[in-house]
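Take a look at the structure below.
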Amino acid sequence: MKNALFALALAVSQNLWAETPSHFLDTYSAEAAKSQPGFSANAARGKAFASRNWGVSEKLPSCTACHTDNPRNPGRHAVTGKTIEALSPSVSTARFSDPAKVEKWFKRNCKEVVGRACSPAEKADFIQFVIGAR
Amino acid sequence: MKHLLISLAALAAAPAWAGDHGLPANTPAAYKTECGSCHAAFPPALLAASDWRRTMAGLDKHFGTDASVDARTHAALLAFLERQAGRRAASPGTAEPRFTTGAWFVREHREVPPRVWKDPKVMGPTNCAACHKGADQGRYGERELSVPGMAYREHD
């Protein structure tokens, strides 16, 4: 019974705190528009960003090196071989729901692969590409 | 409702993680999310406490990656690792401790031919889940062993 109550509390709190992918798209787009008036996230730009070889990391040269060309496919860590859940939130429902997690992975992976922090515009384009993948 | 069912399922499954020299039952959630994203959440007993202290002290340059965590998480993870560490120190001399060259790990995997480690489905000895099908849940028992290109027990 205690377990069930705990699970219920957990479930309720998850529902209360979970964000939707479009929340992130809107937030990053609004931030980008501050420096680029009229900014609108673009999936084609996001795709080009994701597949670009940044020449920073030898083993992790691009987003697609681990996440594959298609965000709906599961990925694979190019160094360790560990399976990575698909980026697409329509495939992996927990994707783009937790703000701390989203920022954590943008921070880590941008530094590692791009060699710097990603801009809000780049994040918005990337998310547009990922959520629009068919 | 879906979340409730998932949570219940997770709770129901939890006690099963405890056994077969895998992850302890009291493993902090951060160990799986922080240390188990890029590679398996390795059983802490694979390294000695001194090894884990070195590993945690160098997280910003962790095998070429900045895997640093905030101070609070760092303290919690280090305490967990020290508490659950094994007695087997990794082979000395390496810049960062590697359990894969430790005597116990090597002995346990002595039947694995080199071609398996090089198999593209495996990629190397840190990809636990390539063969240990329960590794993501911290289970490493032989019943869940499936080695690519190898009929298990062929050497028994």
Side-chain angles (χ1 to χ4, degrees), chain A residues 1-19 56-61 63 65-68 74-87 89 92-95 97-117, chain B residues 1-15 29-30 32-42 59-70 72-73 96 98-100 116-137 147-148:
Chain A
M1 186 59 201
K2 202 172 151 197
N3 276 354
L5 281 177
F6 176 68
L8 190 65
L10 200 68
V12 170
S13 68
Q14 278 177 354
N15 282 335
L16 280 179
W17 290 103
E19 291 290 358
V56 173
S57 165
E58 191 188 327
K59 286 175 177 165
L60 310 171
C63 307
C66 295
H67 293 292
T68 82
R76 197 161 180 233
H77 196 285
V79 176
T80 68
K82 188 177 194 292
T83 304
I84 303 171
E85 278 187 46
L87 285 174
S92 314
T93 50
R95 289 290 192 190
S97 63
D98 178 348
K101 221 170 168 179
V102 169
E103 263 308 296
K104 170 190 156 180
W105 286 107
F106 269 134
K107 187 182 169 196
R108 256 188 81 159
N109 292 343
C110 288
K111 186 179 169 192
E112 177 129 47
V113 175
V114 184
R116 57 167 171 78
Chain B
M1 187 58 199
K2 199 172 152 200
H3 279 161
L4 174 62
L5 283 177
I6 290 169
S7 304
L8 281 172
L11 283 168
K32 293 187 90 179
T33 55
E34 296 295 342
C35 310
S37 287
C38 298
H39 54 66
F42 300 132
L59 271 194
D60 58 331
K61 293 185 283 291
H62 183 66
F63 295 96
T65 289
D66 182 356
S68 48
V69 295
D70 64 72
R72 208 174 144 185
T73 308
E96 289 183 85
R98 290 172 182 267
F99 66 79
T100 52
V116 169
W117 299 124
K118 291 186 199 124
D119 188 301
K121 289 196 282 292
V122 179
M123 284 172 69
T126 57
N127 188 9
C128 307
C131 305
H132 297 279
K133 298 306 172 190
D136 284 348
Q137 285 79 42
V147 183

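Model, not experiment: these values are computed from the prediction. Letters A, B, ... are given to chains in the order of the sequence lines, protein chains preceding strands, and every chain is numbered from 1.
- The 12-atom threshold is not exceeded at CZ of B:R72, counting heavy atoms of other residues, nucleotides or ligands nearer than 6.0 Å.
- When each of B:G124, B:A129, B:C38, B:A67 is checked for heavy-atom pairs under 4.5 Å with chain A, B:C38 comes out on top.
- Residue A:K101 does not touch chain B at all, counting heavy-atom pairs closer than 4.5 Å.
- Residue B:S68: no heavy atom, backbone or side chain, is found under 4.5 Å from chain A.
- For the pair B:E96 (side chain) and B:F63 (backbone), a donor-acceptor distance under 3.5 Å is present.
- The greatest number of non-hydrogen atom pairs below 4.5 Å with chain A, out of B:G64, B:S37, B:C128, B:A135, is found for B:S37.
- For chain B, no part of A:A94 is nearby; none of its heavy atoms comes within less than 4.5 Å.
- When heavy atoms are compared at a cutoff of 4.5 Å, B:P125 does not approach chain A at all.
- B:N127 is listed as a side-chain neighbour of A:R76, based on a closest heavy-atom distance under 4.5 Å.
- Around atom CD of A:E103, more than 12 heavy atoms belonging to other residues, nucleotides or ligands sit under 6.0 Å away.
- In plain terms, the two heavy atoms of A:K104 and B:T33 that are nearest each other are NZ-O, 3.5 Å.
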